[in-house]
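Not measured: the values here are computed from a predicted model. Atoms within a ligand are numbered from 1 in the order they appear, just like the ligands themselves.
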Amino acid sequence: MKIFIKKTYEELSKEAAEIVKKAIQAKPNLVLGLASGGTPQGCYQELSRMHKEEGLDFSQVICFSLDEYLELSFNDPNSYYHFYRENLLNHINIQFRNIHFPDGLVDNPTEFSAEYDKKIKEAGGIDLQLLGIGRDGHLGFNEPGTPLDARTHLAKLTNQTIEDNARFFGKKEYVPKFVITIGPQTIFEVKKILLLASGGNKADAVAKFIEGSITPQITASILQKHPDTIVILDEAAASKLKGKY
Ligand code: GLP
């Protein structure tokens, strides 16, 4: 893992967007994995600006979403599909047919998950995956205890994640308990990974996944073995690391 520590969230976001931009310039039909949550929003804003002001071209880019809540339709304002549209997809020239999402209303989530994994493979695999991290060290919605060799699957959220995400729903009771998420193994197969973490509330998870042991209790720890992972942190998120980076 290559680890970079930036002073502020703004710097972190700009650096992340530069990496995505370079990847698209090197491969215009880049297969890009998108992450939800507050952390990548600054990066998405910067990418939208790069499209508008610098002509960064997304017309051949293919994207896959990391995860989605069950029982929410695409149009639900709390669905991740809606999140990506608001934060990125509506602001760039990506083609609708190149956007792939787990469907929260699917009848058979297990069958759908296997199909989703297959779709990723058929696209040639994900070239670059953006990631945030949960306070318990989860990637996507791979909560503590998820086998590290799991592929895309139906998952149940922990109480902590429900509480953390309640801010988007207004009330804890409104947060769906089940999700479809790309698995740790599916993430591990991505060619290049770009993980972002910001803020002191991520400092424990960051120290554990970078400097602790590789364990299903911290699904992000699988990245220690990944051949091409870049981690960009702000100073607050890096504050509990013991090593010098
Ligand atoms: C959710 C998402 C993750 C994200 C995490 C942290 O659990 N499924 O992909 O990394 O939230 O979100 P935030 O960046 O808002 O802290």
key: Sub-6.0 Å ring centroid separation between Phe168 and Phe83   = no
ask   = Of all the atoms in ligand 1, which lie at a distance below 4.0 Å from a heavy atom belonging to Ser36?
value = 2 (C), 4 (C), 8 (N), 9 (O)
message = To the nearest 0.5 Å, what is the distance between CZ on Phe141 and CG on Leu154?
response = 12.5 Å
message = Starting from atom 6 (C) of ligand 1, what is the nearest protein heavy atom, named by residue and atom, and what distance separates them?
response = Ile133 O, 3.5 Å
Shortest non-hydrogen contact between Ser198 and Asp234, atoms and distance = OG-OD2, 2.7 Å
key: Basic-acidic side-chain contact under 4.0 Å: Lys14, Glu46   = no
ask   = Is it true that Glu68 lies under 4.0 Å from ligand 1, counting heavy atoms only?
value = no
ask   = Is His138 in contact with ligand 1, taking contact as a heavy-atom separation below 4.0 Å?
value = yes
inquiry  = Heavy-atom distances under 4.0 Å decide this one: backbone, side chain, both or neither, for Asp67 against ligand 1?
reply    = side chain
task = For residues Val179 and Leu70, determine if any side-chain heavy atom of one lies less than 4.5 Å from a side-chain heavy atom of the other.
result = no
task = Just say parallel, tilted or perpendicular for the rings of Phe74 and Tyr81, cut-offs at 30° and 60°.
result = tilted
query = What protein heavy atom is closest to atom 12 (O) of ligand 1, reported as residue, atom name and distance in Å?
reply = Gly37 CA, 3.8 Å
remark   = Within 4.0 Å of some non-hydrogen atom of Tyr80, the atoms of ligand 1 are 1 (C), 2 (C), 8 (N)
ask   = What part of Leu139, side chain, backbone, both or neither, has a heavy atom within less than 4.0 angstrom of ligand 1?
value = neither
request  = Kindly confirm or rule out an N or O of Gly134 lying under 3.5 angstrom from an N or O of ligand 1.
outcome  = no
query = Side chain of Ser48, backbone of Tyr44: donor and acceptor closer than 3.5 Å?
reply = yes
ask   = What do you reckon, does Lys202 have a nitrogen or oxygen under 3.5 Å from a nitrogen or oxygen of ligand 1?
value = yes
request  = Find all atoms of ligand 1 within a distance of less than 4.0 Å from any non-hydrogen atom belonging to Gly132, and give their numbers and elements.
outcome  = 10 (O)
note = Short version for Tyr69: what comes under 4.0 Å of ligand 1, heavy atoms counted, is neither
inquiry  = Using 0.5 Å steps for rounding, measure from the CG atom of Asp103 to the CD1 atom of Ile180.
reply    = 7.0 Å
key: Tyr84-Phe101 aromatic ring centre distance below 6.0 Å   = yes
ask   = For atom 14 (O) of ligand 1, which protein heavy atom lies nearest, and how many Å away is it?
value = Thr39 OG1, 2.4 Å
ask   = Strictly under 4.0 Å, does any heavy atom of Gly140 approach an atom of ligand 1?
value = yes
